[in-house]
Amino acid sequence: MIKNYIKYFLPLSIVLFSTLTSCKRVFKEDNYVAYFGGEVLNPQEKYVLFLKDGEVIDTIYLDKNNRFMHKFDSLTPGLYTFKHNPEYQYVYFDKNDSLMVRVNTFDFDNSVVFCGRGDEKNNFLMELFLKNEADRSIMYDNFDKDVKSFIKNIDSSFAIRKSFYLKRKAEIGWDENFDLVAKASLDFHHITKKEIYPYAHQFRTGENIRTSLPKDYYNHRKEVDFNNAVLTNYSPYIKYVSVMLNNVALQSNEADLNENSLENNITKLNITDTLIKNQKVKNVVLNNVAMMYLLEDQNMYNNQKFIERYLQLTTDKENKKEISEIYNSVQNLKVGNRLPKIELVDTVYKPLDINNVIKKPTVLFFWTSHAESHFSASHRKVTELQAKYPDYEFIAINVNDNIANWKNALKKYNFEGVKELHAVDFETIRKQWVITKIHRIIVLNADGTIKNGFANLFDVNFEQNLK
C-alpha cells in the first residue's frame, strides 16, 4: 500500500500542489473551505459525481489526463459519496480537509486510495470495508452451523476487525463524529449476520432454531439508534435494517417463511412506521422496503395493496414518484406483453433490438463481473439446460459493467454456445426491465411475448417454465 501510495500520488501531488491549500494552514472557525480531487484510471465517464444523502452536489469533470480537482467554498463536515458510473464509494470530510483519491475502474473498490489532509480516516474506512466484504463472501456457509458454532465463528471474526478498529482509532485519533461512522461500519456488519442467521438457517437446513437462541441474542437491537439521521443513507445501516425487518416479519408470521410475500412486506412497512419516529429516516427505510419488494421475484398482481400502504406511510414526494414508476414498470412485464426496447449491443458492438432477435422460445439471464461466482455458476447452469432443452435459445445479458470489464470477463471464462449481449445503460434496463437482482430470469415465447418475467435460474422448480 505504501509503495503504491508513493508511486501514484507523488506525481499527482506535485501537479496539484499549487492548487491545494497547505495542510498546515490555520483556518478560521467559520471557514469551511475543502478540496476534493484525484485521478480516475480507465474512466467510463468524463466526470465524477459528488453526492450527499443521495443528492448530487457537484459534477466534477475530468481533464485530459483523467484528473479532477474541485474547491468547495463551504463543505459541512460529514459523510459524502463520490460516484463514477456505475461504481461509488464513501468519503468522509472533516473541516478543511483536502483529499485526493486514486481509483481504477477495472477494480474499483480494491483500487481506492486516498491522499492528503483527511486521508488516514478514509483509508481506514476503505480497509474496513474490504475486510467486511471478504468476510461476507464466506459467511453463508456459517448459516448452516448450529447456534453455538455460529456465534463462536462470528464473534471471533468480529474480534479481529474490532482490534483493527481500536488500533487505527488510537493511531489516528479521530473525533466522535467520525467514530459514529467508523463504529457503524464495524458493528452493523456483525449484527447483520446475527439477524440473517435464524431465517437463513431455516431456509437452508429446514431447522427452526429460534427457540435455541440465547436469551440475550437480540440485545444489540437496544443499542441501535434507529432515528439517527446521520447514518440514514449509509449502506451498512440500510443493510442491517433491511435484514432486521425481514427477521422480525418472519418471526411474527412463522406460517409464511417467504420474505418476499405480500403479507410479510406489509408487516415490514408497519414495523417501520412503529419503530422509527424520525420522518426522514422512516422515509428512507420505507423506500428501501418498497424497492426490495417490487424488485424481487414475486406475484405482481398483489402489488396494488402494498403500494397503497406504502403511499399512506411515506411523505417523500420523490420516493413516491420513483416507487410508482417501478410499480408501473412491473405491470408492463405481465405475461403476454413485449419487453420495452432497451439499448443492447453484441460482442462486435452491433446495436440490437431484443424484440427482433427472438426467433424461438428464449431465456434471458443476467450477470455482472461484480458477482463473479454468479457469472460462472449461471453460465454452467445454462450450458446444462441447453442440452436438455434444445428448442430454447439462452441469451446472457451483461449489466452494470463497462464494455472493457464485460469483454475481459468473457475472455477469461470463454463460455461457448451462449449468445452474449451487453446492456449499454444500466439505469435504463434497471428501470424498464426491473433488473436489480442478478439471479433474475425472463422467459419469452417464440413470438417474443413474456411467458414469465420474474423467474429465478436457481429455483428448484425453474425448469417448469421450459415445459
Out of curiosity, [X] [atom1] to [Y] [atom2], how far, rounded to the nearest 0.5 Å?
X      : Y      : atom1 : atom2 : answer
Lys282 : Asn227 : NZ    : CG    : 9.0 Å
Asn402 : Ser369 : CG    : OG    : 7.5 Å
Lys239 : Asn288 : NZ    : CG    : 11.0 Å
His422 : Asp346 : NE2   : CG    : 11.5 Å
Leu333 : Asn452 : CG    : CG    : 10.5 Å
Leu364 : Ile358 : CG    : CD1   : 5.5 Å

Do [X] and [Y] have side-chain N/O donor and acceptor atoms under 3.5 Å apart?
X      : Y      : result
Asp179 : Tyr165 : yes
Arg309 : Asn270 : yes
Asn123 : Glu127 : no
Asp109 : Gln89  : yes
Arg117 : Asn96  : no
Asn337 : Asn332 : no
Thr368 : Asn400 : no
Glu308 : Gln304 : yes

Output yes when a side-chain donor or acceptor of [X] lies under 3.5 Å from a complementary backbone atom of [Y], and no otherwise.
X      : Y      : answer
Asn66  : Glu39  : no
Ser329 : Lys431 : yes
Asn319 : Val284 : no
Gln44  : Asn42  : yes
Asn228 : Val230 : yes
Asn408 : Ala404 : yes
Arg440 : Val434 : yes
Asn264 : Leu250 : no
Trp174 : Lys169 : no
Tyr237 : Phe226 : yes

Exercise for the section: Test ring-ring contact (aromatic ring centres under 6.0 Å, His included) on Tyr90 and Tyr234 and set out the steps. Expected result: CA-CA 9 Å; Tyr90 294 101; Tyr234 194 35; 4.9 Å; yes
Basic-acidic side-chain contact under 4.0 Å: [X], [Y]:
X      : Y      : result
Glu55  : Lys52  : no
Glu171 : Arg168 : yes
Lys183 : Asp187 : yes

Closest approach of [X] to [Y] (non-hydrogen atoms, all atoms of both residues):
X      : Y      : answer
Lys268 : Leu245 : CG-O, 3.9 Å
Phe124 : Ala182 : CE2-CB, 3.6 Å
Phe114 : Val112 : CE1-CG1, 3.6 Å
Asn132 : Ser185 : ND2-O, 3.1 Å
Lys277 : Thr274 : NZ-O, 2.9 Å
Trp433 : Pro340 : NE1-O, 2.8 Å

Handout entry: From CA spacing to verdict: ring-ring contact (aromatic ring centres under 6.0 Å, His included), Phe50, Tyr80
Key = CA-CA 7 Å; Phe50 190 77; Tyr80 295 82; 5.1 Å; yes
Problem - Glu343 atom CD: more than 12 heavy-atom contacts under 6.0 Å - result: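 No, because the 6.0 Å sphere around CD of Glu343 holds 12 heavy atoms or fewer from other groups.
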Exercise for the section: Report, as yes or no, whether the 6.0 Å neighbourhood of atom NZ on Lys407 holds more than 12 heavy atoms from other residues, nucleotides or ligands. Expected result: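 Enclosed: over 12 neighbouring heavy atoms sit under 6.0 Å from NZ of Lys407.
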Exercise for the section: Pick out which of Lys193, Lys194, His189, Glu195 makes a side chain to side chain donor-acceptor pair (under 3.5 Å) with Tyr240. Expected result: Glu195
Exercise for the section: Before giving the answer on ring-ring contact (aromatic ring centres under 6.0 Å, His included), spell out for Phe72 and His70 the whole-Å C-alpha distance, their side-chain angles and the decisive distance to 0.1 Å. Expected result: CA-CA 6 Å; Phe72 296 95; His70 189 80; 4.5 Å; yes
Handout entry: Within the 6.0 Å centroid threshold, strictly below: Phe36 and Phe68
Key =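 Between Phe36 and Phe68, the centre distance is under 6.0 Å.
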Practice task
Identify whether NZ of Lys or CZ of Arg in Lys131 sits under 6.0 Å from the centre of the six-membered ring of Phe164 and within 45° of that ring's axis.
Solution key: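 Here Lys131 passes the 6.0 Å and 45° test against Phe164.
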